[in-house]
Structure formats: C-alpha cells, structure tokens
Amino acid sequence: MVSKPYGDLVGVRPGKLAANMLALGFPPAEIAHRLVLERGVDVSRARLLVEVALTQQRILAPQGGRSELVAMYVSVPFCPSRCAYCSFPSHSLEQYRRAKREQYFAGLLLEIKAVAEEMYRLGLKLCALYIGGGTPSTLDATQIHALLDALSACPAWENQTEGTFEAGRPETLDESKLASIPRGYRLSINPQSMHDETLAVIGRRHSAQDVRESFALARSLGFANINMDLIVGLPRETPREIGASLEQVIGLKPESITLHMFSPKRASRFGGGEAWERMSDKDAREASDLAATKLRPFMHPYYLYRQRAILGGLENTGWSVPGKECLYNIMMIAETHGVIGVGAGANSIFPVPGEAWRRHANPKDAALYLKRLPELLDEKRALLCAWRKKDES
Ligand code: SF4
C-alpha cells in the first residue's frame with residue numbers, strides 16, 4: 001500500500017495551503033488541526049507544514065508587497081558524469097567538448113546581459129541568485145570569474161542580496177576555482193551519501209574523503225555558508241547508512257543540509273529500466289524521522305517540496321541553522337515573486353495577480369539553446385514587459 005503522509009494534498013508544493021491560511025490569519029494550531037482532519041495529513045507532516053510556513057512568512061516579510069523583486073537562476077548544464085537517478089538537463093563533460101562548452105558560456109553571458117538590462121529598464125530588482133545546473137564548478141577559474149563579473153555588473157541588483165554557487169560534485173573543486181568566488185556566496189557541496197560503495201553505484205566519481213577535503217578547503221578559504229545535500233533511499237542503503245552519512249555531514253558543521261527523498265526521474269538510468277531495489281516506505285519513513293531527530297538540535301526546516309512518485313510519499317526538506325536560510329529556495333517554492341531563469345533548461349515563472357502564472361522554458365539541450373538564443377531573448381523581453389505591465393495595472 002502506498003503511504004499518504006500528505007493525505008489528499010497533491011502537487012509539488014504541499015506548503016501552499018498552510019501559507020495561504022496563515023496569510024488569512026488562521027492560528028497555526030488550527031491550520032495543523034484542519035490539515036489533519038480535512039485533508040488527511042499525518043500529524044507530524046501537518047506540524048512540519050505549519051512550521052515551515054511560519055518560518056517562510058518571517059523570512060519573506062521584508063519582501064512582502066514588493067512585486068518588483070525577482071530571483072534569478074543561472075544554469076550551467078555540465079557535469080563530470082551523469083548520476084544514475086538524474087534527468088536534469090546536464091551534459092557530461094566527455095559528451096560536450098571544450099569548444100562547445102565555450103560557445104555555450106559565451107551565449108549564457110549574452111543572455112545574462114540582455115535579461116539584466118531589460119530588468120533594469122522595467123524597474124525590476126534582483127534580490128536572490130542561484131547558480132546551478134548541472135555543476136557550475138565544472139567551469140574553469142577564468143570562466144567562473146567572468147560569470148560572476150557579468151552577474152555582479154547586472155544593474156538591477158537590490159542592496160540586500162544573496163547568491164548561491166552550486167559546487168555539487170566535490171571532485172570539480174580546487175583552490176583557484178574557489179578563490180574566484182566571493183566569500184559571501186553560499187556554496188553547495190553535495191555528497192548525497194558518505195558511503196563510497198553507494199557513490200560508485202549511482203555513478204558519482206568522488207569519494208566521501210573528497211567531500212571532506214573540499215569542505216575543509218572551502219572553509220579554510222573563508223566560506224561561511226555551506227549547504228550539503230543528502231539523499232534518503234539510494235540503492236543498497238538502509239536507515240542505518242543514512243544515519244551514518246548524516247552524522248558525518250553534521251560533524252562537518254555546514255550551515256544547511258538539504259535532505260532529498262530518492263525519486264529517480266523517468267529520463268534517468270534508474271527511471272529508464274536499470275534494476276535497483278526501492279527502499280520500503282517503512283524504511284523511508286524511519287530514515288526521514290531519524291534524520292529529523294539528528295538535525296533538530298542544530299537546524300530547523302525552512303522549505304520543502306515533493307516530486308512525482310517521491311519515496312514513501314514524503315518530501316524533500318531544506319534544513320538550516322537560523323539566519324542562514326536560502327532566500328532563493330524559499331522564493332522558488334513559495335511562489336511569491338518572479339524567478340527568471342537563464343541558460344539551457346532554465347525556467348522562468350512570474351506570478352500575475354488573479355491569473356495563471358506566466359511561464360517560459362529555455363530548451364534543455366545546450367546546442368538548441370544556442371541556436372534559439374536570439375528568439376529566446378525576444379521572448380524573455382516580451383515576457384518581462386508583459387508581466388510588468390500587467391503587474392502594474
Ligand atoms: S551532479 Fe547533479 S545535475 Fe549532475 S548528473 Fe548528478 S544529480 Fe544530475
């Protein structure tokens with residue numbers, strides 16, 4: 001039988017209902033009570049939804065009512081190798097030769113410049129930046145420098161801003177790359193598991209020791225805000241392995257930990273028929289509860305979302321020490337402000353009061369993205385312009 005910890009709440013954002021009720025002035029205890037009674041949500045998940053909604057309400061308060069604030073996602077769709085569960089629009093480095101990567105990079109800089117100028121012209125303000133992919137740390141130090149220069153030259157920056165640079169694969173990091181990133185950036189160094197056998201099975205070419213060394217290097221260079229991702233339910237792992245990975249990661253003292261439930265996508269190796277043994281819902285629940293118990297003394301949950309066929313019907317949860325929550329993650333999931341995506345596979349979404357959201361998706365394939373870039377720029381300008389006009393009307 002499939003577990004339904006979220007009762008009849010469907011979709012990737014189960015927290016929206018709690019957030020809306022909170023905005024309408026319902027007391028938190030009543031919201032949790034109604035989620036249990038009326039929607040069949042487990043008591044623990046109802047409390048989690050309300051806790052996250054309260055945290056997000058507090059963090060988003062300074063942005064409240066400021067519809068000109070926008071977050072930006074920058075896609076660098078290259079990875080050292082393809083993880084067996086991944087369907088992200090990433091191209092392996094072997095598959096995508098250096099000359100082509102440089103062409104992609106030039107196109108990306110062009111899009112950033114064009115979008116930034118249009119945002120400035122329309123009075124939009126950039127308040128949160130996320131450089132993801134893929135693995136942005138596959139860029140070399142000179143490219144990282146050029147990318148961050150192009151982004152910092154964006155005339156639309158708001159004073160109070162944050163940036164995340166995803167350095168997901170530790171084997172891609174070195175001192176010269178890290179030295180190219182301003183120390184105020186939040187880094188994301190993602191082990192997924194601290195067990196070398198698991199890392200080999202899922203197609204990652206790094207070890208747990210690489211994770212420890214990259215983390216120590218980043219700290220020694222002064223990075224004071226580091227996130228680490230772990231996955232519950234990877235092949236051959238039980239709650240015991242997950243507890244052990246978590247203890248090692250907590251021992252490094254990152255500022256945030258994002259706990260994902262394994263949910264291989266259809267377009268991935270595991271989603272496309274390669275055999276793997278799915279963790280039982282009972283074990284997934286046990287691992288998730290164990291993780292929460294281990295994280296609670298240091299961190300609190302601040303955003304969560306679900307995916308299609310997510311393990312145990314559970315959720316992916318972002319945990320953070322207070323004050324180090326990622327605003328971009330909250331804006332993405334809470335859908336309170338526009339998010340503009342640049343680069344191959346990047347999506348843009350804009351809330352329009354009283355209407356369906358306006359959405360735009362760049363092609364996932366890097367070659368197609370480059371080919372279509374001139375028309376994509378026109379589409380983006382038109383989208384931003386129409387959204388801004390509608391928003392002001
Ligand atoms: S590093 Fe991330 S984006 Fe790249 S293949 Fe693995 S899961 Fe996908």
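This structure is a prediction, so every number in the text was calculated from the model and none was measured. Each residue takes its place number in the sequence, starting with 1. Numbering of ligands and ligand atoms starts at 1, following listing order.
Ion pair Glu30/Arg34 flagged as a salt bridge, since at least one NZ, NE, NH1 or NH2 atom sits closer than 4.0 Å to an Asp/Glu carboxylate oxygen.
Near Gly134, the atoms of ligand 1 lying under 4.0 angstrom from a non-hydrogen atom of the residue are 3 (S). With ligand atoms numbered from 1 in the order given, ligand 1 contributes 5 (S) to contacts under 4.0 Å with heavy atoms of Ser81. Taking every non-hydrogen atom of Cys79 and a distance limit under 4.0 Å, the qualifying atoms of ligand 1 come out as 1 (S), 3 (S), 4 (Fe), 5 (S). Listed by atom number, the atoms of ligand 1 under 4.0 Å from Tyr85 heavy atoms are 7 (S). Residue Cys86 has at least one heavy-atom neighbour below 4.0 Å for each of these atoms of ligand 1: 3 (S), 5 (S), 7 (S), 8 (Fe).
The residue Asn190 has no part lying near ligand 1, judged by heavy-atom distances below 4.0 Å.
Taking all heavy atoms of Glu166, Arg169, His206 into account, the minimum distance to atom 1 (S) of ligand 1 is reached by Arg169.
With contacts defined as side-chain heavy-atom distances shorter than 4.5 Å, the pair Arg285/Pro5 qualifies. Contact check for Arg306 versus Met261: no side-chain heavy atoms found under the 4.5 Å cut-off.
With sequence neighbours left out, Ser207 forms a side-chain hydrogen bond (donor to acceptor under 3.5 Å, both in side chains) with Asp210.
No option in Arg381, Arg372, Lys380 other than Lys380 meets the salt bridge (charged side-chain N to carboxylate O under 4.0 Å, His left out) test with Glu111.
Among the atoms of Cys83, none of the N, O or S atoms falls under 2.8 Å from atom 8 (Fe) of ligand 1.
To the nearest 0.5 angstrom, Arg278 atom CZ is 12.0 Å from Asp283 atom CG.
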